[in-house]
Each structure stands twice: as structure tokens, then as C-alpha cells.
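I have placed the structure first, in the form of C-alpha cells, so that the comments after it can refer back to it.
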Amino acid sequence: MSIKILHTSDWHLGKKLFKISREQEHQYYLNWLVEYIKENQIDLLFIAGDIFDVPAPDMKSMKLLYDFIYKLGQLKTVETVLITGNHDSNYLLNIPGDFFREHNCHIFTKIDSDLEKNNFYFIKNGQTIGIKTLPYFRNYELVNLVNSKESESETDNQQQITKYFKRYFSHWNRKVDHKILISHHVYGNYSLAGSEHAIHLSGVEHFPISWVEDQFDYIALGHIHKYQELSSTTPIIYSGSPIPMRFSESSNKNMVEITIENNQLSYKKVTIKQLKQLTQIKCKSSEILDSVSELISKTSNETAPTLLEIIVEMEQVETGVQDKIRDLLLATNI
């Protein structure tokens with residue numbers, strides 16, 4: 001029998017696009033995700049940080065998360081491992097700890113001086129999967145953990161950090177058959193989607209791939225909003241956000257399904273079904289009506305509703321442009 005795992009990240013519940021709420025899209029995604037987990041008999045769900053868009057999310061956003069965890073808990077067949085990202089409040093997510101534990105959700109909100117506290121073990125079919133978590137951390141937390149001093153040179157400080165994390169990534173208190181890392185930070189030669197907040201480490205610009213590549217069988221990353229694979233050997237993957245965060249992002253969003261069978265690990269990219277499509281048109285003022293008309297001709301009643309951003313380069317002063325576009329769109333369903 002196989003073990004199946006889903007890797008997701010960067011939900012950003014509560015996100016708005018200008019003044020437009022994304023609640024409906026997030027609710028659609030979470031409902032879809034529950035059904036996917038049931039139909040595909042998923043054993044483990046990873047959420048690699050940035051569950052919420054802001055540290056103090058509104059009640060609707062929190063309800064989305066709690067309702068989702070409750071539904072998964074009712075299945076009694078799946079366990080969730082969740083780490084916090086730079087948008088999340090560690091304190092807020094620690095408050096309902098009993099609720100999460102009762103529904104098979106294991107939350108990791110900080111790096112601990114006791115390295116074993118960031119490890120989680122999942123056992124099925126006689127196989128033990130060791131899951132190491134590295135939630136987002138701030139510079140002062142790292143400085144305290146590595147015992148660096150303000151008087152130390154930058155080189156000494158980097159050496160201390162390197163030594164600490166090499167020990168962090170290699171530490172296990174028991175024998176494991178497969179090793180997986182879940183982390184919300186920047187690694188290797190990542191490529192930004194444009195909607196992420198910058199992350200900076202003390203003296204380290206990003207985690208070098210060489211620190212983790214030989215330590216794990218799969219590395220589940222969060223923070224970057226577009227899907228990307230960072231290594232051709234060990235799978236080191238940013239799953240990306242489940243919905244586009246801005247118009248410049250592609251609406252093609254993904255998660256990763258990992259399968260462990262006969263002691264072999266494999267994975268596949270899974271396309272996430274979208275409730276709405278984000279479309280961006282860039283054109284000159286003389287091309288607006290033709291560009292919008294072309295978009296309308298490609299849009300059918302069967303496709304998802306579209307949120308549209310039009311960026312216009314004005315060739316001359318012209319009034320009533322917005323009214324012309326609005327009139328053209330009113331008769332359509334996009």
C-alpha cells in the first residue's frame with residue numbers, strides 16, 4: 001500500500017485584490033481540496049506557511065481555516081502538518097491548539113532550541129516518514145539560537161549560522177525511512193512571482209541548495225507564489241499559491257501530490273481548479289476596443305468568470321475611455 005501526501009502553501013486567506021474580496025475563491029478552493037483529499041485517499045496534507053494574508057485576519061478568514069480543519073478531522077484518515085509563514089501570527093495560531101490537535105492538525109510556529117520539537121513522525125504500512133519543519137523566523141530568533149554576538153564579524157556570524165543549520169537539517173532522534181522538509185523561506189535560485197514580501201536572514205541571503213539537497217527525499221517549500229522546481233536531483237519544490245495573488249500572475253495554479261510506494265518516492269504536479277480567472281490586457285489607447293473585443297470573442301459561457309485589469313498607454317488626451325470599455329463589457333459575462 002502507498003502513502004500519499006499533498007504539498008500546498010501560501011493560501012493567504014483574507015487576501016483582497018484592490019477592494020475585491022477573494023473569500024469566494026478561497027471557499028471554492030478549500031471545498032475542492034477536501035473533495036480531492038477524499039477521492040484520492042490522501043494521508044498527509046502539508047501547508048507550507050502564509051495561511052493568512054495578514055497577522056490579524058478577519059473572522060471570515062479564520063472561519064475558513066477552522067471549518068476546513070474540522071472537515072478534514074471528520075474524515076479521520078488524513079493528518080495535516082501546518083507551519084507559519086511571514087504573513088502569519090504565531091501567537092494567533094497557537095491559541096486554538098487543542099482544536100487543531102483534536103482534528104489531526106499539527107502546527108509548528110517557531111524554530112525551537114530543542115531541535116526535536118520541530119520534527120514530526122508519520123507511520124503507516126511499517127514505514128516511518130520523518131518530517132522536519134522550518135517555519136518562518138525573524139532575525140532576532142536566529143541570533144539567539146546560534147548564540148552569535150554583535151561584536152562578531154560578518155564572516156564569523158555566517159559560519160555560526162551555517163554550522164547551526166547543518167545540525168538542524170541533519171537532526172533525528174529516531175530511524176526514519178523517508179525524510180521530508182517543510183519550510184517557509186527562500187532557497188537557491190528562486191524566481192519571484194512579484195506578490196511576495198521580501199525575506200532576509202541574518203547574514204545569509206538565502207538557504208543554499210547544498211545545505212538540504214542531500215539531507216532529504218523531498219523538500220516542500222512555501223513563500224514563492226508560482227510553482228517551481230529548484231533541483232534536478234532531490235525534489236525541492238515551491239508549490240505556489242492556490243489562487244493568483246495579482247493580475248500579473250498566471251491563473252494556472254498547482255499543488256504537488258507525493259506518493260511513497262515500495263520504498264520509492266515519486267511526485268506529480270496537480271492543477272488546481274479555479275473559480276475565477278485573472279486576465280490582464282496591456283495596450284495603447286487606440287487598441288483598447290479591439291483588445292477587449294478579442295478577449296470577449298475568446299470567452300465563452302463555459303469558462304470561469306474573469307477579473308480584468310486593463311493597462312492603457314495613452315497616446316493622446318482622451319475622455320470617456322472607461323465608459324467605452326464599460327459599455328463593451330456590460331453585454332458580456334466575463
**OP:** Establish whether L278 and L13 are linked, either directly or via other cluster members, by ILVMFWY side-chain heavy-atom contacts under 4.5 Å.
**Re:** no
Original post:
Mind checking what makes side-chain contact (heavy atoms from CB on, under 4.5 Å) contact with Y28, not counting sequence neighbours?
Top reply: K273, L275
Original post:
Can we call the ring centroids of H12 and H225 under 6.0 Å apart?
Top reply: yes
Original post:
CG/L17 to CZ/R22 distance, rounded to the nearest 0.5 angstrom?
Top reply: 5.0 Å
**OP:** Please list, chain by chain and in numerical order, all residues satisfying side-chain hydrogen bond (donor to acceptor under 3.5 Å, both in side chains) with T109, sequence neighbours excluded.
**Re:** N94
Original post:
Cluster partners of F46, using ILVMFWY side-chain heavy atoms under 4.5 angstrom, listed by chain and number?
Top reply: I3, I5, L44, V81, I83, F108, F120, F122, I129, I131, I180, I182, Y218, Y227, I237, V256, I258, I260, L265, Y267
**OP:** Please name all residues satisfying side-chain contact (heavy atoms from CB on, under 4.5 Å) with P57, sequence neighbours left out, ordered by chain then number.
**Re:** F52, S61, M62, L92
**OP:** Hey, could you give me the NE2/CG distance between H184 and N86, rounded to the nearest 0.5 Å?
**Re:** 4.0 Å
Original post:
Roughly how far apart are E257 CD and K268 NZ, rounded to 0.5 Å?
Top reply: 4.5 Å
**OP:** Under the salt bridge (charged side-chain N to carboxylate O under 4.0 Å, His left out) rule, collect the residues that match up with D98, sequence neighbours excluded.
**Re:** R101
**OP:** Specify whether F169 and F216 have parallel, tilted or perpendicular ring planes, treating 30° as the upper limit for parallel and 60° as the lower limit for perpendicular.
**Re:** perpendicular
Original post:
Has K132 got its NZ or CZ under 6.0 Å from the middle of the six-membered ring of Y168, at an angle within 45 degrees of the ring axis?
Top reply: yes
**OP:** Hey, can you tell me if H103 and Y70 have their rings parallel, tilted or perpendicular (30° and 60° cut-offs)?
**Re:** tilted
Original post:
Do L75 and K38 have side-chain heavy atoms sitting under 4.5 Å apart?
Top reply: yes
**OP:** Give a yes or no on whether a salt bridge exists between K179 and D177, defined as a side-chain N under 4.0 angstrom from a carboxylate O.
**Re:** no
Original post:
Are there more than 12 heavy atoms of other residues, nucleotides or ligands under 6.0 Å from atom NZ of K110?
Top reply: no
Original post:
In chain order, what residues pass the salt bridge (charged side-chain N to carboxylate O under 4.0 Å, His left out) check against K163, with sequence neighbours excluded?
Top reply: none
Subject >> ILVMFWY cluster, I95 and F100 together (side-chain gap under 4.5 Å) >> reply: no
